[in-house]
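The structure appears below as structure tokens.
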Amino acid sequence: MIVHKKLANGFACIEIKNSSAEATIALQGAHIFHYKREGEEPILWLSEVSDFEAGKAIRGGIPVCWPWFGFNEDKTLPQHGFARTALWEFVCSGEVDEKTTSITLKLTHSDETLKMWCYKFELELKITISDRLSMELKTTNLDRESFTITQALHTYFAVSHISDVTIKGLDRKPYLDALTWKNEVQKGDISFNQEVDRVYQEVDGEIVLIDKNRIVHLKNEGSSSVVVWNPWIEKCSRMSAMKPTAYESMLCIESANAFDDFKVIKPNESHTLRATIY
Ligand code: BG6
């Protein structure tokens, strides 16, 4: 089942349901903000106080950070790029079989994007919903010049309690600590008892999120950087569209091309970032 819907304020969403899972995607940002396997609790975290409004990023789900990750040197430009607040176009959807549905959305350059980033592009997100959630974010350069991007599929995972989770798969990986801007090396698995904002590098294997009652896997391709973020108490109380206690029930593991893992894309060439959650 694929249903195109509009909220009372005109905010457009697509609801998908098949025999293995369900998902909801906003046309703004191609933003998946709900994904749940049949008979299980939602895998994605969504803020109870998120905006669903034109021009404001949804807090939770999987924001698409593009064509830059984090701050731009030009501080008047939005953090994490403009793709997450731009209105994407529906391209196609299909029921592959009774357990699998796919949907493709795209964003192309416009007068508005050219003012913020002076390149012509096509950005396509193909989402496949089954007992796995797969995303393929393909950037194509339609310009006459090469361009450089950084990006992320900024997944907010729902967790039972932040103190109860462990992340495996990043042991011995170098990382940039975005709180101190120092380069460090991970020792052992990751657990949380303070604010964490790190860009892991040289990541090639599977990442495993171990929670009290479930284990979630994440595998990326076309990417060697992963951002791990939890705002903890103080930053959470200052974050927009988040309740002060929200940090307890969420954790971001972001499939990225960030910092040194930037991608240079030549005219008529493409780069695809793939992430699968299972
Ligand atoms: C993470 C960054 O990717 O996104 C954090 O590492 C940032 O530093 C977080 O706070 C949320 O960003 P935003 O723009 O959605 O508030």
Side-chain angles (χ1 to χ4, degrees), residues 26 28-33 44-86 116-117 135 137 149-159 162 165 167 170 173-184 186 190 192 194-201 203 207 209 218 220 223-262 273 275 277:
Q28 175 174 294
H31 197 136
I32 308 165
F33 61 89
L44 302 180
W45 180 84
L46 176 66
S47 172
E48 295 163 62
V49 290
S50 176
D51 294 299
F52 287 90
E53 229 179 87
K56 286 193 176 175
I58 296 170
R59 177 66 72 197
I62 311 184
V64 175
C65 304
W66 190 97
W68 59 85
F69 174 82
F71 286 111
N72 191 289
E73 276 170 28
D74 177 349
K75 295 283 185 282
T76 64
L77 295 176
Q79 156 139 303
H80 291 330
F82 50 77
R84 64 176 174 167
T85 48
M116 293 184 270
W117 196 63
M135 293 152 280
L137 182 65
I149 57 160
T150 53
Q151 60 180 347
L153 292 162
H154 187 307
T155 306
Y156 286 76
F157 288 96
V159 298
I162 190 67
V165 300
I167 299 175
L170 295 169
K173 298 294 178 196
Y175 69 84
L176 175 68
D177 190 327
L179 303 175
T180 58
W181 298 111
K182 283 190 182 157
N183 289 303
E184 310 276 0
Q186 179 63 37
I190 305 172
F192 298 83
Q194 59 184 349
E195 182 180 354
V196 169
D197 196 348
R198 301 176 185 165
V199 186
Y200 286 88
Q201 291 140 7
V203 181
I207 295 166
L209 172 59
L218 171 66
N220 303 325
S223 143
S224 63
S225 48
V226 164
V227 181
V228 175
W229 177 61
N230 180 283
W232 211 249
I233 302 166
E234 203 272 320
K235 183 165 177 180
C236 192
S237 65
R238 290 187 279 116
M239 295 289 303
S240 62
M242 268 179 122
K243 283 190 165 176
T245 53
Y247 77 95
E248 294 176 347
S249 55
M250 54 70 64
L251 165 64
C252 291
I253 309 178
E254 307 165 32
S255 312
N257 292 115
F259 293 90
D260 292 350
D261 185 25
F262 61 83
L273 166 64
I277 296 168

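Owing to the predicted nature of the structure, the values given are computational and were not obtained by experimental measurement. Counting convention: from 1, in listed order, for ligands and their atoms alike.
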Of the protein's non-hydrogen atoms, which lies at the shortest distance from [atom], and what is that distance?
atom	value
atom 11 (C) of ligand 1	Trp229 CH2, 3.7 Å
atom 10 (O) of ligand 1	Lys235 NZ, 2.8 Å
atom 16 (O) of ligand 1	Arg59 NH2, 3.1 Å
atom 3 (O) of ligand 1	Glu254 OE1, 2.8 Å

*So which of Arg84, Gln79, Met239 gets nearest to atom 15 (O) of ligand 1, if we judge by its closest heavy atom?*
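Minimum heavy-atom distance to atom 15 (O) of ligand 1 goes to Arg84.
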Proximal atoms of ligand 1 relative to [X] (non-hydrogen, under 4.0 Å):
X	answer
Phe69	3 (O)
Asp197	2 (C), 5 (C), 6 (O), 8 (O)
His154	1 (C), 3 (O), 4 (O), 9 (C)

*Quick check: are there more than 12 heavy atoms from other residues, nucleotides or ligands sitting under 6.0 Å from NZ of Lys75?*
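More than 12 heavy atoms, drawn from other residues, nucleotides or ligands, come within 6.0 Å of this atom.
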*asked:* How about CD on Glu48, more than 12 heavy atoms from neighbouring residues, nucleotides or ligands closer than 6.0 Å, or not?
replied: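 No.
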*For the residue pair Gly55 and Gln28, what are the closest heavy atoms and their distance?*
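Heavy atoms of Gly55 and Gln28 come nearest at N-OE1, 3.0 Å.
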*Hey, is the main chain of Tyr247 close enough, under 3.5 Å, to the side chain of Asn230 for a donor-acceptor pair?*
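Yes, the answer is positive, given that a donor and an acceptor are paired below the 3.5 Å cut-off.
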*Given side chains that start at C-beta, do those of Leu209 and Leu218 come closer than 4.5 Å, heavy atoms only?*
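No. Closest side-chain heavy atoms not under 4.5 Å.
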*Look at the aromatic rings of His80 and His154 and report parallel, tilted or perpendicular, splitting at 30° and 60°.*
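His80 vs His154 ring planes: perpendicular.
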